[in-house]
**Q** 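Supplied in structure tokens, the structure appears directly below.
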Amino acid sequence: MMKRLKSLLLFLVPVLVAIGLLDFYISYRADPYIYTDAGKVPPRKTALLLGTNKYIAKGKINYYYRYRIEAAAALWKAGKIRAIVVSGSKNSRYYNETRSMYLDLIAAGIPRQYIAQDFAGFRTLDSVVRAEAVFDLKEYIIISQKFHLERALFIARAKGQKVIGFEARARSGTKAALRMQFREYLARVKAFLDVYLLQTEPKIYGKKEKVQYRP
């Protein structure tokens with residue numbers, strides 16, 4: 001029994017150390033490009049708003065969703081962006097992250113003609129790669145919570161995109177936040193492998209989409 005336990009520890013310890021180092025590396029690489037004050041964000045033509053589900057269990061609002069909408073609206077009202085691309089998944093007519101965010105951005109005061117919708121943002125990598133390949137975004141602002149934003153910036157800059165990030169508010173200490181943090185460790189390993197080893201491509205590219213910009 002002790003021999004098996006030692007063998008398991010000899011395997012697990014290096015793996016956990018590697019995951020921890022990778023987590024630190026991605027945060028370190030992204031940190032110089034993250035802004036928390038809308039007034040201090042350098043202006044860009046477009047923001048990429050990364051999607052998430054509007055509701056969690058029992059129909060309760062997902063605060064990560066609400067805070068991302070608020071962050072996008074803050075950039076718009078501060079005059080830092082002239083258009084927004086909303087990127088999320090659309091699994092059915094009952095689950096459509098992109099459409100929900102599009103409608104709530106309009107409710108927040110952003111004219112619909114300046115909001116482009118990406119329904120094929122199945123993963124963060126898909127959203128980031130399609131931002132350039134489909135929507136022709138070169139230099140833009142990514143909006144999400146810090147843990148997610150760091151990974152998105154890491155992927156985008158590894159792809160040669162000149163992006164910066166605007167950090168949406170987050171909730172810490174809750175069970176949901178802890179679960180998301182745990183998943184983020186694994187997601188960062190996958191992101192690193194996708195970018196540097198697997199050369200993963202988006203599930204869908206499709207035709208070019210035009211973004212309309214506020215004058």
Side-chain angles (χ1 to χ4, degrees), residues 22-52 62-89 97-98 101 104-105 108 110 114-116 118 121-172 177 180-181 183-185 187-192 194-196 202 211 213:
L22 181 57
D23 176 68
F24 173 81
Y25 173 72
I26 289 177
S27 296
Y28 175 78
R29 289 288 301 272
D31 187 66
Y33 307 105
I34 295 178
Y35 295 83
T36 56
D37 184 343
K40 296 180 180 179
V41 178
R44 296 289 187 267
K45 288 178 64 177
T46 323
L48 175 67
L49 177 60
L50 297 177
T52 187
N62 178 359
Y63 282 94
Y64 291 99
Y65 174 99
R66 175 180 290 177
Y67 295 153
R68 290 185 200 183
I69 296 294
E70 290 176 356
L75 287 181
W76 179 266
K77 292 172 183 176
K80 298 296 183 176
I81 53 175
R82 294 166 51 202
I84 298 175
V85 174
V86 183
S87 182
S89 61
E97 294 175 350
T98 306
M101 285 190 145
D104 283 331
L105 286 173
I110 301 169
Y114 304 125
I115 308 171
D118 175 16
F122 302 109
R123 300 190 312 159
T124 304
L125 182 141
D126 295 54
S127 296
V128 167
V129 174
R130 284 173 53 83
E132 181 175 8
V134 176
F135 295 90
D136 202 31
L137 306 190
K138 304 294 184 184
E139 299 183 25
Y140 60 97
I141 303 169
I142 302 176
I143 301 171
S144 190
Q145 276 73 29
K146 186 177 183 180
F147 66 91
H148 186 204
L149 184 57
E150 289 176 340
R151 174 161 50 92
L153 288 170
F154 169 77
I155 295 171
R157 298 194 75 86
K159 296 291 184 180
Q161 299 180 6
K162 297 179 180 179
V163 295
I164 56 176
F166 183 54
E167 180 183 336
R169 286 196 295 160
R171 283 192 159 190
S172 59
M180 293 185 76
Q181 184 61 59
R183 288 199 296 268
E184 184 61 25
Y185 287 125
R188 292 186 177 199
V189 173
K190 184 67 167 63
F192 184 86
D194 283 338
V195 169
Y196 290 117
V211 179
Y213 294 96

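All heavy atoms count here, side chains included; hydrogens, waters and symmetry mates do not.
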**Q** If you compare all heavy atoms of V128 against all heavy atoms of Y140, which two are closest, and at what distance to 0.1 Å?
**A**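 Closest heavy-atom pair between V128 and Y140: O-OH, 3.8 Å.
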**Q** Over all heavy atoms of both residues, which pair between A170 and Q145 is shortest? Give the atoms and the distance, please.
**A**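 Smallest interatomic distance, heavy atoms only, reads CB-CG, 3.6 Å.
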**Q** Pairs of donor and acceptor atoms involving the side chains of residues 33-51, under 3.5 Å and at least two apart or interchain, shall be tabulated with distances.
**A**
unit_1 : atom_1 : unit_2 : atom_2 : d
D37    : OD1    : G39    : N      : 2.9
T46    : OG1    : Y213   : OH     : 3.1

**Q** Just wondering, do Y114 and W76 contact through their side chains at under 4.5 Å, heavy atoms?
**A**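 Heavy-atom side-chain distance check passes, below 4.5 Å.
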**Q** How far apart are the closest heavy atoms of I143 and A71, and which atoms are they?
**A**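 Residues I143 and A71, closest heavy atoms: CG2-CB, 3.7 Å.
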**Q** Which residues satisfy the ring-ring contact (aromatic ring centres under 6.0 Å, His included) test with Y67, sequence neighbours excluded?
**A**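 Partners of Y67 under the ring-ring contact (aromatic ring centres under 6.0 Å, His included) test: Y63.
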**Q** Got a second to check how far K162's NZ is from R157's CZ, nearest 0.5 Å?
**A**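 Spacing of NZ (K162) from CZ (R157) equals 9.0 Å.
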**Q** Any side-chain heavy atom of D118 within less than 4.5 Å of one from T98?
**A**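 They are not in contact (no side-chain heavy atoms under 4.5 Å apart), so the answer is no.
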**Q** Return the minimal non-hydrogen interatomic distance between R188 and S27, and the atom names on each side.
**A**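 Heavy atoms only, the tightest pair is NH1-OG, 2.9 Å.
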**Q** Roughly how far, to the nearest 0.5 Å, is OG of S87 from CD of E97?
**A**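 Answer rounded to 0.5 Å: 9.0 Å.
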**Q** For the atom pair OG1 (T52) and CZ (R66), what is the distance rounded to the nearest 0.5 Å?
**A**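 T52 atom OG1 to R66 atom CZ measures 13.5 Å (nearest 0.5 Å).
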**Q** Measure the CD1-NZ distance between I164 and K80 for me, rounded to the nearest 0.5 Å.
**A**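 With rounding to 0.5 Å, CD1 (I164) is 9.0 Å from NZ (K80).
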**Q** Is it true that E132 and K159 make a salt bridge, defined as a side-chain N closer than 4.0 Å to a carboxylate O?
**A**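 Not counted as a salt bridge, because no side-chain N and carboxylate O are separated by less than 4.0 Å.
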**Q** Within the side chain of Y65, is there an N or O that forms a donor-acceptor pair under 3.5 Å with the backbone of M101?
**A**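 Yes; judged by distance alone, with no hydrogens or angles, the pair exists.
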**Q** Are Q161 and K138 side-chain neighbours, meaning at least one heavy-atom pair lies under 4.5 Å?
**A**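 No - every pair of side-chain heavy atoms lies 4.5 Å or more apart.
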**Q** Would you say that L105 contacts I84 through its side chain, given a criterion of any heavy-atom pair below 4.5 Å between the two side chains?
**A**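 The answer is yes, as the side chains (C-beta and beyond) meet within the 4.5 Å cut-off.
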**Q** Please name the pair of heavy atoms, one in A156 and one in V163, separated by the smallest distance, quoted to 0.1 Å.
**A**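 For A156 versus V163, the nearest heavy atoms are CB-CG2, 3.6 Å.
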**Q** Grab the two heavy atoms, one from V211 and one from A83, that are nearest each other, plus how far apart they are.
**A**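 That closest heavy-atom pairing would be CG1-CB, 3.6 Å.
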**Q** Between E150 and E184, is any pair of side-chain heavy atoms under 4.5 Å apart?
**A**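 Counting from C-beta outward, E150 and E184 never come under 4.5 Å.
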**Q** Report the relative orientation of the aromatic rings in F192 and F154; use parallel for angles under 30°, tilted for 30 to 60°, perpendicular for over 60°.
**A**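 F192 and F154: parallel rings.
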**Q** Atom NZ in K77, atom CD in E70: separation rounded to 0.5 Å?
**A**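 Going from the NZ atom of K77 to the CD atom of E70 covers 9.0 Å.
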